[in-house]
Amino acid sequence: MPLKLATWNINSVRLRINLVERFLEEYQPDVLCLQETKCPNDAFPSKAFRKAGYEHIAFHGQKGYHGVATVSRIPFSDEERRDFCEKGDTRHLAVTLDIDGAEGVRVHNFYVPAGGDEPDREVNEKFAHKLDFLTEMESWYKSHKAKKNARMILVGDLNVAPLEHDVWSHKQLLKVVSHTPIEVEHLARVMKAHDWVDVMRRFVPDEEKLYTWWSYRAKDWAKADKGRRLDHIWVTPALADTPTAMEVIRDARGWERSSDHAPVLATFDI
DNA sequence: ATGGCTTACAAAGTAAGA
């Protein structure tokens, strides 16, 4: 069956609930994973999602910042919220989609720490946290590897743009957090831990520019086009042959009072 | 000219994003 799944760093789900509704209406994903919901659990706008046909809702939020949520038209079970780095923050949520004739597909939704300004773990504890978070992801997925045929999708704002053409200027961003070699190495180790497949780059060659985030600070973000690919969709080898389409919904970045991230939409034949 | 903006918050400036 076809499965349409989207990931979007929404930068406040309450402020932009109208944009989320528009996105669901126009693009009709089966599953939407949100990051930076900035919303405590008791204030999550579940009603709007149910009204839009997304009856299956899981969230993991806190006051003020961070927060992830997964909403779905397909039933799911086995909700899991892992506390990476024992910070007590809200950066991970996993569910298992109940898909016919299969043991289910596990969807991991991540919001990896941004890492602050200075790319040096000795002087910047936010950067240390980011690297440690990635290292913990690596060891966690290594421990999953016993289940070699696990059918998993990993999405979210990973806050790392790994390839040269995942940023507008490789040279100018080498010392800018999100594109430094040490972050790229850490992310590569996470990928290797379960032989994750980079779904977005299956559809766009490595030599082509591909972004999901554009700063609010540019006067004209579309014209400057100084983007970065911070948001990702990965699958385990068991699902490597299932992706049939992928699109960055750049249009949504231009909607009135939009998030600084665009949604990424992928279709699978599961 | 990448940081110029944007968000949440028991609210004026602070923290956070990246």
Side-chain angles (χ1 to χ4, degrees), chain A residues 7-20 34-45 59-69 84-85 87-92 109-121 123-134 156-184 186-187 209-232 248 250 252-264:
Chain A
T7 180
W8 194 6
N9 178 320
I10 192 61
N11 187 14
S12 176
V13 68
R14 286 176 290 177
L15 189 67
R16 290 188 234 282
I17 189 64
N18 59 323
L19 298 187
V20 177
L34 296 168
Q35 302 85 34
E36 280 205 88
T37 53
K38 298 187 175 178
C39 180
N41 291 331
D42 60 12
F44 192 82
F59 37 74
H60 186 203
Q62 67 188 81
K63 193 170 71 171
Y65 34 89
H66 314 325
V68 290
F84 284 82
C85 302
K87 290 264 184 190
D89 58 7
T90 55
R91 299 179 176 275
H92 169 260
N109 178 359
F110 275 98
Y111 177 51
V112 172
D117 284 325
E118 189 64 43
D120 178 349
R121 69 173 303 141
V123 301
N124 174 8
E125 66 179 37
K126 290 182 188 173
F127 195 70
H129 178 210
K130 182 178 197 173
L131 297 181
D132 293 345
F133 192 103
L134 291 167
D157 180 359
L158 305 186
N159 267 319
V160 182
L163 304 182
E164 281 197 35
H165 296 289
D166 289 341
V167 294
W168 64 276
S169 168
H170 172 62
K171 223 174 148 180
Q172 284 175 260
L173 291 180
L174 270 171
K175 291 179 178 167
V176 174
V177 171
S178 73
H179 193 60
T180 64
I182 187 157
E183 291 166 84
V184 172
H186 276 69
L187 193 73
K209 294 293 183 191
L210 184 59
Y211 312 141
T212 65
W213 173 87
W214 294 262
S215 171
Y216 280 127
R217 300 193 193 197
K219 222 181 307 176
D220 182 340
W221 70 273
K223 193 173 164 209
D225 200 22
K226 290 182 172 177
R228 304 179 201 171
R229 183 168 71 115
L230 303 180
D231 304 275
H232 297 265
V248 176
R250 191 183 161 112
R253 176 63 180 81
W255 291 349
E256 179 141 12
R257 296 202 75 193
S258 91
S259 167
D260 45 359
H261 293 252
V264 186

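By convention in this document, chain letters (A, B, ...) are assigned in the order of the sequence lines, proteins followed by strands, and residues within each chain are numbered from 1.
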Rounded to whole Å, CG of A:Asp117 lies from C1' of B:dA15 at a distance of 12 Å

Those residues at least two apart in sequence (or on a different chain) that pass side chain to side chain contact (heavy atoms under 4.5 Å, CB included) with A:Asn18 are A:Glu21

Contacts of A:Arg91 meeting salt bridge (charged side-chain N to carboxylate O under 4.0 Å, His left out) (sequence neighbours excluded), chain-then-number -> A:Asp89

By salt bridge (charged side-chain N to carboxylate O under 4.0 Å, His left out), A:Arg121 pairs with (sequence neighbours left out) A:Asp132

Quick one: label A:Arg229 by what it contacts on the DNA or RNA (base, sugar-phosphate, nothing), any heavy atom closer than 4.0 Å.
-> nothing

- prompt: Got a donor-acceptor contact below 3.5 angstrom from the A:Thr212 side chain to the A:Arg229 backbone?
  reply: no

Short side-chain N/O contact from A:Arg257 to OP1 or OP2 of B:dC5, under 4.0 Å: no

To the nearest angstrom, the CZ-P distance between A:Arg253 and B:dA18 comes to 12 Å

A:Asp225 meets the salt bridge (charged side-chain N to carboxylate O under 4.0 Å, His left out) criterion, sequence neighbours left out, with A:Arg250

Worksheet entry | Greater than 12 external heavy atoms within 6.0 Å of A:Lys175's NZ | no

What residues 164-182 of chain A contributes to the DNA chain B interface at heavy-atom separation below 4.0 Å is A:Trp168, A:Leu173, A:Ser178

Side-chain atoms of A:Arg228 come closest, of B:dA8, B:dA18, B:dG17, to B:dA18

A:Lys226 has its side chain closest, among B:dA18, B:dC5, B:dT2, to B:dT2

Review point. Which value, in whole Å, describes the distance between the P atoms of nucleotides B:dA15 and B:dT2?
Key: 27 Å

Give each protein N/O atom lying under 3.5 Å from an N/O atom of nucleotides 9-12 of chain B, with the pair distance.
{"residue": "B:dC9", "atom": "OP1", "partner": "A:Gly64", "partner atom": "N", "Å": "3.3"}
{"residue": "B:dA10", "atom": "OP1", "partner": "A:Lys63", "partner atom": "NZ", "Å": "3.4"}

*asked:* Regarding A:Lys219, tell me which of base, sugar-phosphate or nothing describes its non-hydrogen contacts under 4.0 Å with the strands shown.
replied: nothing

(request) Determine, stepwise, if the pair A:Gln35 / A:Thr7 fulfils side-chain hydrogen bond (donor to acceptor under 3.5 Å, both in side chains). (result) CA-CA 8 Å; A:Gln35 302 85 34; A:Thr7 180; 2.9 Å; yes

In whole angstroms, the gap separating C1' of B:dG3 from CH2 of A:Trp221 amounts to 18 Å

Could you give the distance separating B:dA12 and B:dT7 at their C1' atoms, to the nearest angstrom? 15 Å

* Sugar-phosphate only, base, or nothing, as touched by A:Asp260 at under 4.0 Å among non-hydrogen atoms -> nothing

Hits for side chain to side chain donor-acceptor pair (under 3.5 Å) against A:Glu118, two or more places apart or cross-chain, chain-then-number order -> none

message = Distance check, P atoms only: B:dA18 and B:dT14, in whole angstrom units.
response = 22 Å

Practice task
Compare side-chain N and O positions of A:Asn11 against OP1 and OP2 of B:dA18 and report whether any pair is under 4.0 Å apart.
Solution key: no

A:Trp221 meets the ring pair (Phe, Tyr, Trp, His ring centres under 6.0 Å) criterion, sequence neighbours left out, with A:Trp214

A:Leu15 atom CG is separated from B:dC5 atom C1', nearest whole Å, by 14 Å

What is the nucleic acid contact for A:Ser215, judged by heavy atoms within less than 4.0 Å: base, sugar-phosphate only, or nothing? base

Separation of B:dA16 atom C1' from A:Lys130 atom NZ, nearest Å, is 14 Å

A:Trp213 atom CH2 is separated from B:dT6 atom P, nearest whole Å, by 13 Å

Notebook entry, point to check: Going by the angle between their ring planes, with limits at 30° and 60°, are A:Phe110 and A:His92 parallel, tilted or perpendicular?
Noted result: tilted

Residues passing the ring pair (Phe, Tyr, Trp, His ring centres under 6.0 Å) test with A:His165, sequence neighbours excluded, are none

Rounded to whole Å, the CZ-P distance (A:Phe127 to B:dG17) equals 14 Å

Whole-Å distance, A:Lys223 NZ to B:dT2 P, equals 14 Å

DNA chain B nearest-nucleotide lookup for A:Arg16 and A:Tyr111: closer to the 5′ end is A:Arg16

Check your understanding: How would you label the contact of A:Asp220 with the nucleic acid (heavy atoms, under 4.0 Å): base, sugar-phosphate, or nothing?
Key -> nothing

> Roughly how far apart, to the nearest Å, are B:dA11 and B:dG17 at atom P?
Replying inline: 22 Å

Sorted by position of nearest nucleotide on DNA chain B, 5' first, the leading residue of A:His261 and A:Trp214 is A:Trp214

